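For reference, the structure is listed below as structure tokens.
These figures come from a predicted structure and were not determined experimentally. Heads up: numbering here begins at 1 and tracks the sequence.
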Amino acid sequence: MKKKLMILGGIFVFLMVGLVGPNTVLARPLELNLNLFISAQHLRFIHVHKPWIDLLEKKAAGKLKITPYFSNSLSPMPEKFNSTVAGIADISEGLVYVNPGRFPMSELLMLPELGLKTATRSAQAWWHLYQTMPAMKKEFPGVKMLFLHTSPKMMIATRKKPIRTLADLKGLKIWASGKVPVKTAKALGFTPVAMSPGEIYLALDKGVIDGTFADYEILTSRRLYEVTKYMTTNLYMNHTPFYMIMNQGVYDGLPGDIKTVFDDLSGEWAVNYYGQIRDKEELHAKEVAAEKGMEFIELSATELAKAKALVAKVRDEYAAELEAKGLPGKKALAEISKFAVK
């Protein structure tokens with residue numbers, strides 16, 4: 001009896017293959033991994049990455065499955081780029097500043113007071129540089145660049161001391177990671193302290209640092225409103241640049257229809273998609289931080305003018321450093337200024 005059932009089962013499978021075709025029965029979606037340093041609870045994943053993944057899978061009509069790996073489980077944060085080149089990761093989101101000196105042109109976006117203000121304008125400026133300046137494109141060899149995106153403007157949030165004048169910054173220890181933000185800190189007279197983003201909350205809670213660079217989203221996604229009370233909002237420090245890349249061999253080997261899906265939902269489209277969502281999220285996060293008791297402060301016109309004069313020197317000096325290395329720092333700054341919010 002058992003033997004007869006096995007034979008009948010085999011005949012059924014054979015008939016099904018004949019009726020609907022072998023590809024329909026055997027086809028499985030193409031599976032790709034996504035290498036992230038944030039957690040599944042992070043607002044950037046919930047509000048931006050997850051919807052992007054869903055759009056890719058939906059447009060691929062069941063032929064694509066993207067599996068996120070969170071909190072550096074595929075590779076450490078500084079190895080996002082190399083792990084993608086090596087094929088450990090299929091797709092990765094990386095942070096520019098965790099590899100000091102490796103992306104000197106991209107670090108231009110970490111200069112203070114560029115006038116970009118929103119995540120959308122900042123990402124558009126960076127994407128423009130990537131598309132038009134070979135020196136920028138050369139910073140990302142051996143991978144398929146899907147798109148670039150940035151944080152909204154980063155400001156200064158503090159634990160106990162409100163920053164109402166430049167003098168209030170003196171002697172404070174404030175988280176600022178990356179070569180360029182360190183230059184900004186020194187120009188404004190406070191001490192920059194570097195650590196991984198995941199360590200900032202505890203450092204603020206224990207008083208190891210007095211403040212941090214932050215946008216409104218970070219205040220809420222990392223619950224920094226619990227360990228900071230003030231934010232000075234009209235002096236902006238930088239934008240945090242992120243890149244989304246794919247292993248070049250993986251991209252080249254994609255079936256034509258799946259490659260089209262990625263092409264359609266990457267590039268300029270993704271730059272604007274990510275930017276607009278992050279800017280909308282930023283407005284909501286500001287409301288949440290205010291409800292949690294954060295006080296938002298603006299420097300007076302006189303103090304702001306002083307600060308802008310100091311950080312203008314940081315921009316000029318960094319552009320000169322790039323020029324000394326044979327990189328078009330001055331031209332890049334001029335191009336960025338075209339995207340400034342008037």
Do the side chains of M154 and I336 join up, straight or via other hydrophobic residues, at under 4.5 Å, putting them in one cluster?
yes
Y236-F213 aromatic ring centre distance below 6.0 Å
no
Could you see if M294 belongs to whatever hydrophobic cluster contains L43? Use Ile, Leu, Val, Met, Phe, Trp, Tyr and a side-chain cutoff under 4.5 Å.
no
Pair E79-N72, side chain to side chain contact (heavy atoms under 4.5 Å, CB included): steps then yes or no:
CA-CA 9 Å; E79 294 299 318; N72 297 316; over 6 Å; no
D168/T232 under side chain to side chain contact (heavy atoms under 4.5 Å, CB included): CA gap, chis, key distance, verdict:
CA-CA 11 Å; D168 293 331; T232 302; over 6 Å; no
About how many Å separate CE of M136 and CG of L129, when rounded to the nearest 0.5 Å?
4.5 Å
Here the gap from L219 atom CG to K286 atom NZ, rounded to the nearest 0.5 Å, amounts to 11.0 Å
Check W52, F242, W127 against H149 for a ring pair (Phe, Tyr, Trp, His ring centres under 6.0 Å) and give me the one that passes.
F242
With side chain to side chain contact (heavy atoms under 4.5 Å, CB included) as the test, would you mind laying out the steps for L116 and H239 before giving the verdict?
CA-CA 9 Å; L116 302 172; H239 295 272; 3.7 Å; yes
Distance, nearest 0.5 Å, that separates CD of E31 from OG1 of T67:
5.5 Å
Hydrophobic cluster membership, with links at side-chain heavy-atom distances under 4.5 Å among I/L/V/M/F/W/Y: are I91 and I88 in one?
no
Counting heavy atoms not belonging to E268, are there more than 12 under 6.0 Å from its CD?
no
If you draw a 6.0 Å radius around NZ in K137, do more than 12 non-hydrogen atoms from other residues or ligands fall strictly inside?
yes
Quick one: does K59's side chain get under 4.5 Å of L55's, heavy atoms only?
no
Please confirm whether the ring centroid of F262 lies under 6.0 Å from the ring centroid of Y251.
no
Nearest atoms (heavy-atom pairs only) where P51 meets Y273
CB-OH, 3.2 Å
Are N35 and D90 close enough, and set up right, to give a side chain to side chain contact (heavy atoms under 4.5 Å, CB included), and what steps lead you there?
CA-CA 8 Å; N35 188 12; D90 299 318; over 6 Å; no
Salt bridge (charged side-chain N to carboxylate O under 4.0 Å, His left out) partners of K144, counting only residues at least two apart
none
Quick one: sort the F147 and Y274 rings into parallel, tilted or perpendicular, breaks at 30° and 60°.
tilted
Is there side-chain contact between T228 and T158, with heavy atoms separated by less than 4.5 Å?
no
To the closest 0.5 Å, what do you measure between CD1 (I174) and OG1 (T212)?
8.5 Å
Please check if the number of heavy atoms outside K313 that lie under 6.0 Å from its NZ is greater than 12.
no
State, to 0.1 Å, how close L148 and V271 come at their nearest heavy-atom pair, and which atoms those are.
O-CG2, 3.5 Å
Quick one: do E321 and K179 satisfy salt bridge (Lys or Arg N to Asp or Glu O under 4.0 Å)? Show the steps, please.
CA-CA 12 Å; E321 285 183 25; K179 179 179 179 181; 3.2 Å; yes
Looking only at heavy atoms, the pair that brings A176 and P181 closest together is CB-CB, 4.1 Å
When you compare the side chains of T165 and E303, does any donor N or O come within less than 3.5 Å of an acceptor on the partner?
no
Quick one: side-chain hydrogen bond (donor to acceptor under 3.5 Å, both in side chains) pairs with a partner in residues 113-124, sequence neighbours left out?
T120-D279, R121-Q124, S122-T150, Q124-N272
Is the charged tip of K80 near the ring of F37: under 6.0 Å from the six-membered ring centre and within 45° of its axis?
no
Quick one: are Y318 and L108 in side-chain contact, heavy atoms under 4.5 Å?
yes
According to a hydrophobic-cluster definition based on side-chain heavy atoms being under 4.5 Å apart (Ile, Leu, Val, Met, Phe, Trp, Tyr only), do L95 and F81 belong together?
yes
The complete set of salt bridge (Lys or Arg N to Asp or Glu O under 4.0 Å) pairs with one or both residues in residues 206-231, sequence neighbours excluded, reads E217-R278, R223-E226
Centroid-centroid distance, F296 to Y230, less than 6.0 Å:
no
D54/K50 salt bridge by N-O under 4.0 Å criterion:
yes
By side chain to side chain contact (heavy atoms under 4.5 Å, CB included), which residues pair with V193, not counting sequence neighbours?
K173, M195, I209
Do F45 and I53 make a side-chain contact, defined as non-hydrogen atoms from C-beta onward lying under 4.5 Å apart?
yes
What is the ring orientation for W126 with F140, classed by angle as parallel under 30°, tilted 30 to 60°, or perpendicular over 60°?
tilted
Tell me, do L56 and L64 make a side-chain contact under 4.5 Å, heavy atoms counted?
yes
Taking salt bridge (charged side-chain N to carboxylate O under 4.0 Å, His left out) as the definition, give me every residue that meets it alongside E199, ordered by chain and number, with sequence neighbours left out.
none
Between L36 and E93 the two heavy atoms that sit nearest each other are CD2-CB, 3.9 Å
Quick check for you: to the nearest 0.5 Å, what is the distance between E282 atom CD and I218 atom CD1?
8.5 Å
Flag yes if more than 12 heavy atoms outside K161 fall under 6.0 Å of its NZ atom; otherwise flag no.
yes
Could you pull out all residues at least two apart from D316 that satisfy salt bridge (charged side-chain N to carboxylate O under 4.0 Å, His left out)?
none
Is V98 reachable from L74 through a run of I, L, V, M, F, W or Y residues, each pair having side-chain heavy atoms under 4.5 Å apart?
no
Hey, what do you get for CG (L30) to CG (L32), rounding to the nearest 0.5 Å?
4.5 Å
Side-chain touch T233/Y216, heavy atoms, less than 4.5 angstrom:
yes
Is any side-chain heavy atom of V85 less than 4.5 Å from a side-chain heavy atom of N247?
no
